[in-house]
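Structure first, then comments.
Order of appearance sets the numbers: ligands from 1, and atoms from 1 within every ligand. If you read the sequence from its start, that first residue is 1, and numbering goes on from there. Atom set for the values below is all heavy atoms of this structure, side chains included, hydrogens, waters and symmetry mates excluded.
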Amino acid sequence: MSEKAPWITYRPELKVLDCTVRDGGLINAHQFTDAFVKAVYRACLAAGVDYMEIGYKNSKKIFPKEQFGPWRHCDEADMRRVVGDHDSATNGLKLAAMADAGKSDWKTQLLPAADSVLDVIRVAFYAHQVSEAVEMIAHAHELGYETTANLMAVSNITESEIDTVLEAIAPTQASTMVIVDSFGYLYREQIDRLYHKYAAAMAGNGKEIGIHAHNNLQLAFANTIEAIILGCNRVDATIFGMGRGAGNCHTELLLGFLRNPKFDVRPIIEVIQHQVVPLREQIEWGPLVPYNITGQLNQHPRAAIEWREGPTPDDFLAFYDKVVAEI
Ligand SMILES: CC(C)C(=O)C(=O)O
């Protein structure tokens, strides 16, 4: 690949993961209709997206079926109702589900990969849960899944905690170590620093570095591009940025930026128009002021989400004064 104008060429090894249903489901308790999930699936297939994360593999005890939709648990029957006899070897789209440390019955919940439409289990964990994450990765790998390690809330932990996590993940079978900016707090310089740290820790063991960016400071797309330029080859995005709070890097922007001719942004624009914009009229996401504020303060967006659901959602000033007073 020429280094003279790399933005007009592409890296074939760069893979896009669309997590609209998984991250977007955090706004509506994963209560999507089958038609919506099917439309996202078809759009990902037609657009040439490499991975689609169809939901969580989380515990039904912690997330009861009466309150949470099927995409919180990803039972095989629910997935097959939407994707039929999906076969990634034939159609090129790998299906992923996320399993959270501490919130998944992973010892009993996962089928062998050969009996599932899922190809990938993405293990999400906070730093203090790294030992469980290592066991989860080993278990999912033994069952035949590709696995990834997603250390959440990285902006909010110490350097030595990050180092300890990287040391523990390096010898595992995870194919990818993902930089997860859960609070949408990171600036370009911090992405650079984390990328180099992650890449150095994973050097020589064949792992890719991934990026999952939130849009609190309207930097999710910019930070994702930066991570790509640095060498990240696993990139998360969601359609129309749908995701918890401020949302995520937009899939349509990302595909527009990438020059691999296998990507086609048109099916994504189509699903935005017919499915996602109508949904946006009922549920809210995007970089609104309360999410900007929690992002700048390096806080979980929880307080901003609660504020937007409360009696005075547009009183941004009161929200600002409240969170600043609580620091
Ligand atoms: C669950 C994880 C990966 C996430 O979306 C986040 O923490 O931002």
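The residue Phe183 has no part lying near ligand 1, judged by heavy-atom distances below 4.0 Å. With a heavy-atom cut-off of 4.0 Å, Arg22 touches ligand 1 through its side chain alone. Contacts between Asp100 and ligand 1 below 4.0 angstrom, taking non-hydrogen atoms only, are absent altogether.
Ring pair Phe36/Phe32 is parallel by interplanar angle, where below 30° counts as parallel and above 60° as perpendicular. Between Phe183 and His300, the ring-plane angle classifies as perpendicular under the 30° and 60° cut-offs.
For Asp181, no nitrogen or oxygen atom sits less than 3.5 Å from a nitrogen or oxygen atom of ligand 1, counting backbone and side chain alike.
In terms of protein heavy-atom proximity, atom 7 (O) of ligand 1 is closest to Ser182 OG, 2.6 Å. In terms of protein heavy-atom proximity, atom 2 (C) of ligand 1 is closest to Met152 SD, 3.7 Å. Shortest contact from atom 3 (C) of ligand 1 to any protein heavy atom: Met98 CE, 3.6 Å. Here the protein heavy atom with the shortest distance to atom 5 (O) of ligand 1 is His212 NE2, 2.9 Å.
One finds no salt bridge joining Lys15 and Glu208 here, because no Lys/Arg side-chain nitrogen approaches an Asp/Glu carboxylate oxygen to under 4.0 Å. Classification of Asp314 and Arg308 as a salt-bridged pair holds, one side-chain N sitting under 4.0 Å from a carboxylate O. A salt bridge links Lys322 to Glu326: one of the charged nitrogens lies within less than 4.0 Å of a carboxylate oxygen.
The shell of residues lying under 4.0 angstrom from ligand 1, judged by heavy atoms, excludes Tyr126.
For ligand 1 and Val180, the ligand atoms under 4.0 Å from any heavy atom of the residue are 3 (C), 6 (C), 7 (O), 8 (O). Every atom of ligand 1 is numbered from 1 in the order shown, and the set under 4.0 Å from a heavy atom of Tyr56 is 1 (C). For ligand 1, the atoms sitting less than 4.0 Å from at least one non-hydrogen atom of His214 are 5 (O), 6 (C), 8 (O), numbered in the order shown with element in parentheses.
Ser175 has its side chain within reach of Thr148: a pair of non-hydrogen atoms, C-beta onward, lies under 4.5 Å apart.
A donor-acceptor distance shorter than 3.5 angstrom exists from the side chain of Lys207 to the backbone of Thr172, with no hydrogens or angles considered.
Aromatic pair Tyr56/His30: ring centres closer than 6.0 Å.
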